[in-house]
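In listed order, ligands and their atoms are each counted from 1. The first residue of the sequence shown is numbered 1, and numbering continues consecutively from there. Worth saying up front: this structure is predicted, and the values here are computed from it rather than measured.
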Amino acid sequence: MIPKSTVYNAPYPRSYGNEFTLFDHGKGCYIWDVEGKKYLDLGSGIAVNTLGYGREDLAKAAYDQMKKIVHTSNLYTSEATLLVADKLTSFGNFAAVHFGNSGTEANEAAIKFARLYAKRKKGEGHHKIIAFENAFHGRTVGALSCTYNPHYKDDCQPLMPGVEFLPYNDVETLKKTVDGTYAAIIVEVIQGEGGLKCMTKEFAKALNEVCAQQDVILIADEVQTGLTRTGYPFASGLVDLNPDIITLAKPLAGGLPLSATLIPMKINEILQPGDHGSTFGGNPVACAVANLMLETLFFPPFIFEVQAKGEYLKKKIEELKAKFDCIGEIKGAGMLRGFEVNTPAGYEGDLSKDLIAECKANGVLVLRSGTNVIRLAPPLIISEKEMDEGFEIIAKSLKNKLNK
Ligand code: PLP
């Protein structure tokens, strides 16, 4: 019998596949499907629900704001929106925030701002953008053009011209390539969808240097890594990267759609009314929730706690690796970590893919990154006990698959 909690052939585009689990509610790090099965969510709805499910405080902030005003448009503004902009610009040298609704939109805005700056400061022909192999920046045309995986984009070609891909963490190629004709470099500090590779400090230093020397706008895509996921308010702090622009989204409004593109004064100065905009960006309800999120996510004792939890998560992965030969390199940083799962000779199928399904069957949700990396991005409120529980189930699931 097909359980009610699995929905087949929903009227969604086939690009989402045709099988969905129907979830009902969540509390803390757990989520329940409509038949009452409980799951420990080690993926946070793809790095979004960082303060967990079922938050009365966030729900109240949204409800209170909805009663006051739901939408103003960008012709006007709201107190909640102003407060979020103030909080975000208080970090680093940011002069302004462009609000959007998703990570890809935050990157579209960044690309446009960089090109507007390059054209108005340096003149015609300075539009080229550098992105990196295995990068993921989103699925709208500009951001997709900066995304590496051909699977996502090849049949949509031609996309936005002027994007070049360089090998990630390759200082020599970067230095040889970048000159003043480029508008921007867009980069992730940890390649969230591309196998959780971390930027080296040497590469961050080289990026800082070449961008400053050539007046090329350095865009850090922190859609997945930002807002304390790595134990730093922005993951750029992990490796001392000094971006001109930071893009944020996923956890910003606790699960409501909101993104931010933080820009410096030198870009803000060249912008003119009408250069960019968004009907829903900076929505007061999303911002009322974001205000509460940021109060927690930027609170220093909370940040220290996340750093300690990140170390515990690493220890748990190391223990797992010690038990299973099929586990390869440990990847990521802070609370965005993972491990390679190599399919042993003689195993029929793809062990990493099967492991994700087996974990789910056993009540733990995990994510994939790249081809064979199991990605863990738990809610930042998770306890050590809950991590222990999760790893017990991951180990049991791996055993089940290997002994099948
Ligand atoms: N950039 C990065 C680094 C991401 O991880 C993602 C989504 O996974 C995006 C951009 C796109 O965000 P969205 O799906 O909200 O458009």
- request: Say whether Lys250 and ligand 1 are in contact under the criterion: heavy-atom distance to a ligand atom below 4.0 Å.
  value: yes
- prompt: Closer than 4.0 angstrom: is that true for some heavy atom of Asn107 and an atom of ligand 1?
  reply: yes
- request: Out of Leu248, Ile190, Val223, indicate the one that has the non-hydrogen atom closest to atom 9 (C) of ligand 1.
  value: Val223
- request: May I ask which of Thr247, Leu367, Thr104 has a heavy atom nearer to atom 11 (C) of ligand 1 than the others do?
  value: Thr104
query: So is there a nitrogen or oxygen of Ile46 less than 3.5 Å from a nitrogen or oxygen in ligand 1?
result: no
field: Ring-ring centroid check Phe99 Phe280, cutoff 6.0 Å
entry: no
message: When you compare the side chain of Leu241 with that of Asn208, does any pair of heavy atoms fall below 4.5 Å?
response: yes
Under a 4.0 angstrom heavy-atom cut-off, which atoms of ligand 1 come close to [X]?
X      : answer
Asp221 : 1 (N), 2 (C), 3 (C), 10 (C)
Gln224 : 5 (O)
Ser102 : 15 (O), 16 (O)

message: Classify the ring geometry of Trp32 against Tyr30: parallel below 30°, tilted from 30° to 60°, perpendicular beyond 60°.
response: tilted
task: Answer yes or no: is there an ion pair linking Arg375 with Glu193, defined by an N-O contact shorter than 4.0 Å?
output: yes
- prompt: Any ion pair linking Glu319 and Lys316 (charged N to carboxylate O, less than 4.0 Å)?
  reply: yes
- line: atom 15 (O) of ligand 1 sits nearest the protein heavy atom Gly103 N, 2.8 Å
- line: To the nearest 0.5 Å, atom CZ of Phe391 lies from atom CG of Leu376 at 5.0 Å
Within reach of ligand 1, part of Glu105 (heavy-atom separation under 4.0 Å): neither
message: Side chains of Thr200 and Lys205: any donor to acceptor distance under 3.5 Å?
response: no
Under-4.0 Å protein heavy-atom contact, atom 1 (N) of ligand 1: yes
- prompt: Is atom NZ of Lys68 surrounded by more than 12 heavy atoms (other residues, nucleotides or ligands) closer than 6.0 Å?
  reply: no
